[in-house]
Amino acid sequence: MNSQTQDKFTLINELARRRGFFWQSYEIYGGASGFVTYGFLGTRLKQNIEKKLRDLFVNKLGILEIEAPIIAPAKVFEASGHVEHFKEPMVECLKCGRRFRADHLLKEKARLSETEVEKLTLEELKNAIERNDVRCPECGGAFGEPKYFLTMFKTSIGPYSEAVGYGRPEAAQNIFVEFRRLYENAREKLPFGVMQIGHALRNEISPRQGLIRLREFTIVDVEFFFDPEEPNCYLLKDLENETLRLVLAESKLRGSEEIVEVTVKEALEKGFIKVPWQAVFMALAKKLLTELGVPAEKQRFIEKLPWERAHYSLQSFDQEVYVDRWGWVEVSGHAYRTDYDLKRHMQFSGVDTRVFKEYEKPVEIEKTVVKPLMAKLGPKFKGETQKIAEILAEMNPEEVEESFKKKGYYMLGEHKILPEYVEIVKCKVTEKGKHFIPHVVEPSFGLDRLVYVTLEYAYHVKDDRVILSFPRDIAPIQVGVYPLVSKDGLPEKAMQVYKMLIDEGFIAEYDEAGSIGRRYARADEAGIPLGITIDYETLKDDTVTIRDRDTWRQVRNKIAVLPELLHKYFRNKIDFEDLGEPLKE
RNA sequence: GCGGCCGUAGUCUAGCCUGGUCUAGGACAUCAGCCUGCCACGCUGACGACCCGGGUUCAAAUCCCGGCGGCCGCACCA
């Protein structure tokens, strides 16, 4: 083994393939980049990490879990903004074949701003490139037609190709799309959260980083809805003294990656994090990673700069973990999505996504409203008039007026509303409460990346032997049962112990192949925390030895007390030393 | 997608330059048997590979072309 020369990524990928954690899919046909198959051990490891996420979010915080389709009608991702934003304009040099982001080139050569460039259509990009005589920065060649590369997987639903569908690039939209019903299921109370664990698809241009970047991967999206006027978080008290290591956007602007370590409380007081719920989820994410075996000093939260943020986000932090090959790698994203998604789905679907909150006392106020003029709307929009009028009446008058001033019309979904269709009037009303769109903070985890960092931090070498020191509550196999030698009735006795443990609900493995040392070594490599060995003394007094994977120490105890002690051990209630009497060498 | 390097059993590798002696050698792992009284012991045996497709040639693991895949760099990563 040349473990000195190979980095951990290589070592882990080899081990993963050899022992059955994961490998590249479709190997017999040459493999396909960006797709992975989990084997027996990997599947279980992943399930156990999922279980931890469920325990944290669903059991402890009362977040509701759903499971929804991967394929969605095009409309969903048009509304979410993904069709518009989830693509990059690219141009290819006709001479050398190199490809570049058209917008990046223009930004540099034509000195256009980020926002200006983003608005350009393909046609405009092409003209701008010609006008500014932008040429290939590598060879000076001319460029071909700019083309979009859409990073969503596109398909058609049913036999009609015009029924376009997309593979979801995130699990979040299912939650926003179903918001009405989910809110009802949650008995119409804020705050509340919904989680979805499932596959997502992103047609990455060149995914070459194993579990770190896949085209099909498992995402854990939690959408937490709250009233922006009451952003306070009832968990804050429990977590306010947890520390967070932050790299703030302002440091990044100075070109520094300086880490400020603050408590959750300070981060909020100093305005580093805008929303209390977001700070709390960040603290929970840190705890989760720590429990997966990543030390706090190998974690940080890095704030995204405005132009790095997703289109829906007002403030974003990436939780990063330091890995051997690439340095800091994102494992979760924490975005303040505000009311962006629900608002967009309201505009596109025409379905009201607002919630109602009753005031303690009704208030009489004078307010400005948009009054739809049915006589004008009717002839124009025919059958849809009623629906349009209802939505218009609920729109924010300032927003509508501003749009009239700026553009001369207002876009309600795909309907163009001209100023003469409505009146903006002041009137006195008694309000019993208010309608509003809840705000959302979203912690979002890449489960495959969690699996990877768990493996990397579990990876240890002791006396030239590989040990995967998984935290005991996520180990794919909990106990190994071994006869010291495979003769004299020891295998039969060991089998009895094995069956008893299975019956008690443990994930156990029986192994009698090869010498005892070899079996211990094999078990260490699969990350099995405990080994139970049946020896000649067992036949006399029903005691067995219990071996610790990480220290190779052994203790001895009665078979009869194993179930209770092991249950406590795997729930982290007792330590290895409490499992029995130390064995004298 | 571009450029460089690369692709031989589950893993690591010999052979490739200089085509034939390759029925492709070794080590580790795995399986079976013996052995084994606590950390990859030993012995015997078994399983198991030239990435795919074309071409050149009497003859291709070896030379050429294309594809697929990998690593590194560029680009990309909402």
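Order of the sequence lines sets the chain letters (A, B, ...), proteins ahead of strands, with each chain counted from 1.
- Atoms OH (A:Y536) and C1' (B:rU36) sit 9 Å apart, rounded to a whole Å.
- Across B:rA40 and B:rC16, the matching P atoms stand 37 Å from one another, rounded to whole Å.
- Taking atom CZ on A:R18 and atom P on B:rC31, their separation rounds to 13 Å, with Å as the unit.
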I'd like a list of close polar pairs between nucleotides 66-69 of chain B and the protein, N/O only, cut-off under 3.5 Å.
| from | atom 1 | to | atom 2 | distance (Å) |
| --- | --- | --- | --- | --- |
| B:rG69 | O4' | A:G30 | O | 3.1 |
| B:rG69 | O3' | A:Q24 | NE2 | 3.1 |

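- Summarising the geometry of A:H460 relative to A:A458, their closest heavy-atom pair is ND1-O, 3.0 Å, with the distance given to 0.1 Å.
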Can you give me every donor-acceptor pair (side chain of residues 475-491 of chain A, partner residue at least two apart or in another chain, under 3.5 Å) with its distance?
| from | atom 1 | to | atom 2 | distance (Å) |
| --- | --- | --- | --- | --- |
| A:Q478 | OE1 | A:I507 | N | 2.9 |
| A:D488 | OD2 | A:Y536 | OH | 2.3 |

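- Rounding to whole angstrom units, CD of residue A:E512 and C1' of B:rC31 are separated by 13 Å.
- The phosphate of B:rU30 has OP1 or OP2 within less than 4.0 Å of a side-chain N or O from A:R522.
- Using a 4.0 Å heavy-atom distance criterion, A:R325 is classed as a sugar-phosphate-only contact.
- With sequence neighbours left out, A:Y452 forms a ring pair (Phe, Tyr, Trp, His ring centres under 6.0 Å) with A:F9.
- Distances were taken from every side-chain heavy atom of A:A513 (C-beta onward) to each of B:rC76, B:rU11, B:rC31; the shortest belongs to B:rC31.
- Residues passing the ring pair (Phe, Tyr, Trp, His ring centres under 6.0 Å) test with A:Y457: none are found, sequence neighbours excluded.
- Where pairing requires Watson-Crick or G-U contacts shorter than 3.5 Å, the helical stems of RNA chain B with at least three consecutive pairs are B:1-7 with B:68-74, B:10-13 with B:25-28, B:30-34 with B:42-46, B:51-55 with B:63-67.
- A:W23 meets the ring pair (Phe, Tyr, Trp, His ring centres under 6.0 Å) test with no other residue; sequence neighbours excluded.
- Whole-Å rounding puts the A:Y520 OH to B:rA40 P distance at 11 Å.
- With sequence neighbours excluded, the residues satisfying side-chain contact (heavy atoms from CB on, under 4.5 Å) with A:A72 are A:V76, A:F77.
- Annotation: of the two residues near RNA chain B, A:G514 and A:R213, the 5′-most nearest-nucleotide partner is A:G514.
- Residues from residues 168-178 of chain A with heavy atoms under 4.0 angstrom of RNA chain B, sorted by number: A:P169.
- For the pair A:N13 CG and B:rC72 P, the interatomic distance rounds to 11 Å; values are reported in whole Å.
- Figure legend: A:R547 and A:Y520 shown as a cation-pi pair, the cationic atom lying under 6.0 angstrom from the six-membered ring centre and within 45 degrees of its axis.
- Taking the six-membered ring for Trp, A:Y312 and A:H85 have ring centres at least 6.0 Å apart.
- When the C1' atom of B:rG10 is taken as reference, atom CZ of A:F21 falls 15 Å away, rounded to whole Å.
- A:Y336 is linked by a ring pair (Phe, Tyr, Trp, His ring centres under 6.0 Å) to A:H439, counting only residues two or more places apart in sequence or in another chain.
- Regarding A:F9, its CZ atom lies at a distance of 10 Å from the C1' atom of B:rC71, rounded to whole Å.
- B:rU62 and B:rC2 are spaced 29 Å apart, taking the C1' atom of each and rounding to whole Å.
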Interface polar pairs with nucleotides 41-47 of chain B, N/O, under 3.5 angstrom:
| from | atom 1 | to | atom 2 | distance (Å) |
| --- | --- | --- | --- | --- |
| B:rC41 | OP1 | A:R518 | NH1 | 2.7 |
| B:rC41 | OP2 | A:S515 | OG | 2.6 |

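- Nucleotides B:rA9 and B:rC50 are separated by 10 Å at their C1' atoms, to the nearest Å.
- Not counting sequence neighbours, A:E581 has no partner by the salt bridge (Lys or Arg N to Asp or Glu O under 4.0 Å) test.
- As judged by a 4.0 angstrom heavy-atom cut-off over every strand, A:R519 is placed among residues making no nucleic acid contact.
- Side-chain contact between A:V451 and A:I49 is present, with heavy atoms from C-beta onward closer than 4.5 Å.
- Distance check: A:L211 CG to A:F217 CZ gives 12.5 Å after rounding to the nearest 0.5 Å.
- In the region residues 485-493 of chain A, proximity to RNA chain B at under 4.0 angstrom, judged on heavy atoms, holds for A:V485, A:S486, A:K487.
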